[in-house]
Amino acid sequence: MSGSKLHLWHPFTHQGAEPPPPTIRRGHGVFLETKDGRQILDAISSWWVNLHGHSHPAIAAAIGEQAARLEHVLFAGFSHEPAEELAMRLGKIVPAPLRHIFFSDDGSTAVEVALKMAVQYWSNLGHPEKRRIVALEHAYHGDTSGAMSVSDDSPFTSAFSPLRIPMLRTHSAYCAHCPVGLTRATCNIECLNQLETLLAKRGHEIAAMIVEPLLQGAGGMIVHPEEFLAGVRRLTAAHDVLLIADEVLTGFGRTGKMFACERAGVVPDFMCVAKGLTGGFLSLAATLTTDRVHEGFAGSDATHAFYHGHSYTANPIACAAANATLQIFDTEPVFQRIAAIERVHEARLPAFASEPCVKDVRHIGTVAAIELKVPDAGYLSSLRPRLYEFYLSRGVLLRPLGNVVYILPPYVITPEQLHMVYDTIQDSLGLVARASAFGG
Ligand code: PLP
């Protein structure tokens with residue numbers, strides 16, 4: 001058959017069980033406008049990518065100018081000005097030892113690059129036995145096979161076990177459900193003991209450890225104490241295990257600093273960035289690393305080269321979008337906006353903590369989460385679609401991660417708009433209670 005429009009198969013949708021999604025025709029500031037003129041406040045930055053508001057004119061203009069000059073050239077054997085400028089701009093804001101940047105397409109591929117580089121680094125150095133990877137419980141690092149492998153078991157991975165490589169896994173600092181039964185007020189980050197034991201026993205066969213620094217996103221917006229990340233760095237360094245910081249979500253101000261690692265005074269061996277890198281305009285990612293790792297790929301042996309590259313690696317238009325995005329940090333009061341968001345989270349969350357249907361509230365920087373008590377906790381909680389529809393009917397885009405409602409707004413949200421988002425969540429607690437969806 002020909003001539004009929006193809007069905008749009010949207011990601012993360014239960015085919016046949018969900019209403020057709022609204023068609024969006026415009027974006028401006030924090031708002032998305034539907035084809036029939038409805039305004040929807042995007043309180044999750046369109047899957048955590050948008051920083052400075054939708055269709056920001058400076059980024060849109062940079063994209064247009066670059067597209068008219070050079071749309072693309074392969075990056076194997078060629079360079080171009082937007083990539084050179086981006087390397088310069090990022091070089092000024094990332095931890096100083098990260099001196100090398102390798103471009104890819106999205107968060108998942110930035111993670112694949114870090115995993116492959118870490119394993120090949122040890123192999124190039126004559127230690128092929130150092131090839132295992134450690135990842136955390138509740139981790140999420142993307143949807144390609146390697147990224148899915150380092151992600152923890154979840155509904156996102158359950159159908160794909162034949163495609164996942166076995167990983168070593170240790171406790172996350174999920175304080176609301178402490179994995180070692182302690183409370184944060186009095187603990188000494190004993191959740192790290194398991195990692196310490198593993199590294200002492202098997203460090204000689206471990207190439208790298210990967211973490212989402214301070215904030216595990218898709219696993220439920222789990223905020224870690226800074227001491228946990230600092231401890232992970234101390235232990236991995238002591239056992240000569242490379243540390244991969246997946247800053248795909250946390251990068252570019254989300255946690256209140258430019259990068260989450262900064263908050264804990266940690267310098268990783270690899271840093272993965274994507275999502276906000278282009279302000280939410282285009283897909284672009286990068287894996288940054290140190291002189292030490294880079295030197296492992298140098299020399300005359302051609303088998304030591306890093307044979308990985310995507311067709312659109314370092315696409316000039318995407319790099320131009322990234323340069324304009326980073327420039328906005330200098331030309332607009334971005335960190336003041338971030339601080340204003342944090343103040344509203346601090347003002348509003350305590351009242352939620354005392355609600356009987358709330359298990360935990362947490363926040364870091366611009367990100368806040370409210371974990372609801374439900375009998376079917378987890379991503380597939382029956383509450384999730386009902387809450388999603390409720391919020392949308394009130395003109396707010398919030399996509400609960402199962403029983404965890406979170407706010408992760410573009411930085412241009414005003415305090416009044418953010419209060420409105422909180423009021424909407426407050427109203428939804430009535431819905432939770434009426435539906436008797438929570439177990440005490
Ligand atoms: N890493 C983290 C921490 C993420 O949150 C995500 C996506 O949500 C990814 C990697 C994958 O990024 P992408 O969806 O751009 O492939």
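Counting starts at 1 for both ligands and their atoms, following the listed order.
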Using only heavy-atom distances, determine whether the side chains of [X] and [Y] contain a donor-acceptor pair under 3.5 Å.
X      : Y      : result
Thr366 : Tyr411 : no
Glu295 : His100 : no
Asp376 : Ser382 : yes
His177 : Glu371 : yes
Glu247 : Thr250 : yes

Nearest atoms (heavy-atom pairs only) where Val232 meets Val211: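 Heavy atoms only, the tightest pair is CG1-CG1, 4.2 Å.
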Atoms in ligand 1 flagged as close to [X], the criterion being non-hydrogen separation under 4.0 Å:
X      : result
Lys275 : 5 (O), 6 (C), 7 (C), 8 (O)
Ser108 : 11 (C), 12 (O), 13 (P), 16 (O)
Asp106 : 15 (O), 16 (O)

Give the residue, atom name and distance (to 0.1 Å) of the protein heavy atom nearest [atom].
atom                    : result
atom 10 (C) of ligand 1 : His141 O, 3.1 Å
atom 3 (C) of ligand 1  : Asp246 OD2, 3.3 Å
atom 13 (P) of ligand 1 : Gly107 N, 3.5 Å

Residue part near ligand 1, for Trp48, under 4.0 Å between non-hydrogen atoms: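 Trp48 to ligand 1: side-chain contact only, backbone stays beyond 4.0 Å.
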Side chain, backbone, both or neither: the part of Ala274 lying under 4.0 Å from ligand 1 by heavy atom: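 It is neither; nothing of Ala274 touches ligand 1.
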Sub-3.5 Å N/O-N/O distance, Glu212 and ligand 1: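 No, Glu212 has no N/O under 3.5 Å of an N/O on ligand 1.
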Residue pairs fulfilling side-chain hydrogen bond (donor to acceptor under 3.5 Å, both in side chains) with at least one residue in residues 82-94, sequence neighbours excluded: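 side-chain hydrogen bond (donor to acceptor under 3.5 Å, both in side chains) check on residues 82-94 returns Ser79-Glu84, Glu85-Arg89.
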